[in-house]
Amino acid sequence: MKIFNTLSGRKEEFVPLDKNGVKMYVCGVTVYDVCHFGHALSYISFDVIRRYLEYRGYNVKYVQNFTDIDDKIINRSNERGIPWRDLVEKYISEFFADMDALNIKRATIYPRATEEIPMIIEVIKVLIEKKHAYVSTDGSVYFSVRSFPDYGKLTHQTAAEMRVTETLQAEKKEDSLDFALWKAAKPGEPFWPSPWGEGRPGWHIECTAMSIHHLGRQLDIHGGGQDLMFPHHENEIAQSECYTGLQPFVRIWMHNGFLQLGADKMSKSLGNLVTIKQALERNSADAIRLFIVSSYYRMPLRYSLEALDAAEAGIERMKQALKAEGKPGGTVVEPEQFKTRFIEAMDDDFNTPQAVAALFDLVREINRGNERGMDVGKARDMLKELTAVIGFTLQEKKAVSGELVAKIEELVEKRNGYRKAREWKLADEVRNQLKEMGIAIEDTPRGTTWKLTR
RNA sequence: GGCGGCGUAGCCAAGUGGUUAAGGCAGGGGUCUGCAAAACCCCUAUGCAGCGGUUCAAAUCCGCUCGCCGCCUCCA
């Protein structure tokens with residue numbers, strides 16, 4: 001299996017540290033607002049990667065953090081006049097609701113920054129001892145970027161080349177590239193005690209502390225959006241490698257391409273985001289997932305309603321194939337070649353567009369076999385197996401009450417009565433009535449079937 | 001200024017040196033059907049932003065031009 005590593009800039013053969021276990025960390029959300037489509041893109045991409053690794057027999061330990069304390073949370077909590085802890089809890093439950101609705105598998109562990117304070121303090125202490133960090137006059141602690149010669153290796157830059165942007169200098173940094181490990185508390189802000197005074201962790205340090213705490217001093221895979229490459233992941237490397245003295249901190253860095261909305265990127269600061277809830281009102285979770293995996297995870301993806309609807313139609317076709325009965329006992333449709341193509345595609349840096357192409361070819365093979373009276377059972381099972389690796393549910397739209405089912409079936413019978421009597425006009429009226437209820441009718445050789453269309 | 005990405009059919013999107021340029025959607029024509037729906041079959045890029053170059057051979061490598069975008073400040 002080959003995986004593209006941002007660090008080396010090329011695809012590498014994947015060999016985990018432990019033969020059977022994969023240690024995987026994916027940067028989570030800062031919980032001050034609801035999740036948007038960009039989060040769906042990133043977390044569905046990594047969900048597929050995780051599912052595929054598991055399918056290939058690896059025992060994946062998947063850690064995803066919550067940043068549950070930072071400036072944005074404090075500001076939002078002040079704006080709304082609600083305690084920051086309540087704000088955080090609210091958005092954590094929203095996060096889980098969204099992820100579950102998208103059929104994203106839960107991580108093994110969801111550590112929170114505020115629950116990792118002892119480990120964070122431990123890491124900072126060691127960094128100070130090793131002279132990679134210093135305490136400033138106000139009780140904040142900064143990482144000394146120039147103490148780490150490898151700084152910039154992930155994004156292929158050197159500290160010397162970096163543009164020095166003049167930020168507001170209330171901060172007491174020795175060098176403008178330095179970043180905060182520990183932020184001294186300002187009056188009224190939440191804080192935790194530390195050897196350097198009351199304060200809270202900086203943004204980057206939590207990922208170092210949590211990943212080392214829960215996965216160990218070196219990881220197999222660390223993922224996130226491309227926006228996190230610099231400075232977040234660059235800083236994580238600096239902290240972690242200085243703390244452990246081991247290289248590399250992460251074997252393979254993976255970054256997903258960014259979502260774009262028309263010409264603009266979708267971002268919280270631009271206020272042009274589509275929330276996951278809004279997306280799910282319009283399209284099914286399966287269609288959203290197909291839309292996302294139809295493009296390669298490292299490429300930018302343009303949000304497109306037209307493409308989402310196209311995905312909806314594609315999902316319908318997959319569902320239809322899963323219903324094909326064929327003729328058990330007939331000539332068997334052999335699905336092995338499709339599985340082989342699927343695996344070859346996924347082994348090549350999770351090339352989901354090609355993997356999905358193999359799935360659609362299998363769909364056609366099943367339908368063709370169905371028409372020709374062949375035994376499609378094996379092929380159908382294979383389709384079920386492989387679509388589950390991508391994370392499709394292929395479930396019917398929603399449960400229907402028994403009462404409604406009775407009503408629908410009554411109408412279907414009524415229509416079939418008219419059909420038998422060759423009362424086409426009346427039969428069509430009933431069909432239209434059902435259509436308005438969101439029910440589609442299909443007359444097959446085995447009788448009339450129906451399904452929900454919304 | 002530095003680092004990086006993209007431009008393939010009406011739309012989405014793989015392919016990154018060599019058989020007929022995947023797949024999905026949409027469209028056209030058939031088969032089936034009372035008509036539909038679903039499904040199946042056939043068709044839909046002599047061409048991959050443009051111009052040069054390297055090569056026996058390029059969408060794929062190199063150069064230039066045009067257009068679009070990301071990061072360097074919080075962001076998946």
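Values below: every heavy atom of this structure, side chains too, minus hydrogens, waters and symmetry copies. All chains are named by letter (A, B, ...) in the order of the sequence lines, taking the proteins before the strands, and each is independently numbered beginning at 1.
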> Does the distance from a Lys or Arg side-chain N to an Asp or Glu carboxylate O, for A:R200 and A:D71, drop under 4.0 Å?
Replying inline: yes
>> I need the CG-P distance between A:L177 and B:C71, as an integer number of Å.
In response: 19 Å
> For B:G17, which nucleotide in any strand shown is its Watson-Crick or wobble partner with both distances under 3.5 Å?
Replying inline: none
> Given that A:G257 and A:F291 both sit by RNA chain B, which one's nearest nucleotide is further toward the 5' end?
Replying inline: A:F291
> Which nucleotide, B:C41, B:A22, B:A76, lies nearest any side-chain atom of A:A357?
Replying inline: B:A22
>> Under 4.0 Å, counting only non-hydrogen atoms across every strand here, what does A:G152 touch: a base, just sugar-phosphate, or nothing?
In response: nothing
> Can any side-chain N or O of A:D348 pair as donor or acceptor with the backbone N or O of A:N351 at less than 3.5 Å?
Replying inline: no
>> Using whole Å, what does the distance between atom P of nucleotide B:C74 and atom CD of A:E234 come to?
In response: 14 Å
>> B:G15, OP1 or OP2 - any side-chain N/O from A:N351 closer than 4.0 Å?
In response: yes
> In whole angstroms, how far is the P atom of B:C3 from the NE2 atom of A:H232?
Replying inline: 24 Å
>> Run the ring pair (Phe, Tyr, Trp, His ring centres under 6.0 Å) test on A:Y110 and A:F66 for me, step by step, so that the C-alpha distance in whole Å, both residues' side-chain angles and the decisive distance to 0.1 Å come before the verdict.
In response: CA-CA 7 Å; A:Y110 288 98; A:F66 284 118; 5.6 Å; yes
> If every non-hydrogen atom of A:A388 is compared with every non-hydrogen atom of A:R51, which pair is closest and at what distance?
Replying inline: O-NH1, 3.5 Å
> Which of the following nucleotides, B:G5, B:A76, B:A22, is nearest to the side chain of A:P300?
Replying inline: B:G5
> Which value, in whole Å, describes the distance between the P atoms of nucleotides B:C48 and B:G52?
Replying inline: 12 Å
>> Starting the side chain at C-beta, find the nucleotide from B:A38, B:C40, B:A14 nearest to A:S295.
In response: B:A14
>> Using heavy-atom distances to pick each residue's nearest nucleotide on RNA chain B, tell me which of A:V356 and A:R368 is more 5'.
In response: A:V356
>> Suppose you measure atom C1' in B:G27 against the same atom in B:C11; what distance do you get, rounded to whole Å?
In response: 11 Å
> Counting any heavy atom closer than 4.0 Å, what does A:L228 reach on the DNA or RNA strands: base, sugar-phosphate only, or nothing?
Replying inline: sugar-phosphate
>> Nearest to the side chain of A:Q320, heavy atoms from C-beta on, is which of B:A39, B:A37, B:A14?
In response: B:A39
>> In whole Å, I'd like the distance from the OH atom of A:Y296 to the P atom of B:U8.
In response: 18 Å
>> I'd like to know if A:E365 pairs up with A:K339 as an ion pair, taking the criterion as any Lys NZ or Arg NE/NH1/NH2 lying under 4.0 Å from an Asp or Glu carboxylate oxygen.
In response: no
>> Rounded to whole Å, please give me the gap between CZ in A:F342 and C1' in B:G24.
In response: 16 Å
> If you look at every heavy atom in A:L154 and A:E234, which pair is closest and at what distance?
Replying inline: N-OE2, 3.0 Å
>> Measuring from the side chain of A:N367 (C-beta onward, heavy atoms only), which nucleotide among B:A39, B:C41, B:A76 has the closest atom?
In response: B:A39
>> Between B:U46 and B:U73, how many Å separate the two P atoms, rounded to a whole number?
In response: 46 Å
>> Classify A:S304 by what it touches in the nucleic acid, base, sugar-phosphate, or nothing, heavy-atom distance under 4.0 Å.
In response: nothing
>> Measuring only the P atom in each nucleotide, how far is B:U60 from B:G24? A whole number of Å is fine.
In response: 26 Å
> In terms of side-chain heavy atoms of A:L301, which of B:A13, B:A76, B:C74 is nearest?
Replying inline: B:A13
>> With rounding to the closest Å, how many angstrom separate the P atoms on B:G7 and B:G50?
In response: 13 Å
>> Taking B:G15 as the reference, what is the distance to B:G23 when you measure between their C1' atoms (whole Å, please)?
In response: 11 Å
>> Atom CD of residue position A:E115 - does it have more than 12 heavy atoms of other residues, nucleotides or ligands inside 6.0 Å?
In response: yes
> Taking any strand in view, what nucleotide pairs with B:G63 in a Watson-Crick or G-U wobble way, both distances under 3.5 Å?
Replying inline: B:C51
> Where the side chain of A:Q157 is defined as all heavy atoms beyond and including C-beta, which of B:G2, B:A13, B:A14 is the nearest nucleotide?
Replying inline: B:G2
>> Please name the nucleotide paired to B:G10 by Watson-Crick or G-U wobble geometry with both distances under 3.5 Å, or report none.
In response: B:C25
>> How many whole angstroms separate atom NZ of A:K319 from atom P of B:A39?
In response: 13 Å
> Closest heavy-atom contact between A:H39 and A:I276?
Replying inline: CB-CD1, 4.5 Å
> Below 4.0 angstrom, N of the basic side chain to O of the carboxylate: do A:E442 and A:K323 qualify?
Replying inline: no
>> Strictly under 4.0 angstrom, non-hydrogen atoms only: write out the protein contact profile of nucleotides 25-34 of chain B, one letter per nucleotide from the 5' end, B, S or -.
In response: S--------B
> How far apart are the closest heavy atoms of A:N103 and A:T393, and which atoms are they?
Replying inline: ND2-CG2, 3.3 Å
> Can you tell me how far C1' in B:C6 sits from the matching atom in B:U16, rounded to whole Å?
Replying inline: 14 Å
>> If I take atom CZ in residue A:R302 and atom P in nucleotide B:G67, what distance separates them, rounded to the nearest angstrom?
In response: 17 Å
>> Please report the distance, rounded to the nearest Å, between OH in A:Y303 and C1' in B:C11.
In response: 16 Å
> In Watson-Crick or G-U wobble terms, both distances under 3.5 Å, what is the partner of B:A39?
Replying inline: B:U31
>> Please report the distance separating the P of B:G18 from the corresponding atom of B:C12, rounded so that it comes out in whole Å.
In response: 26 Å
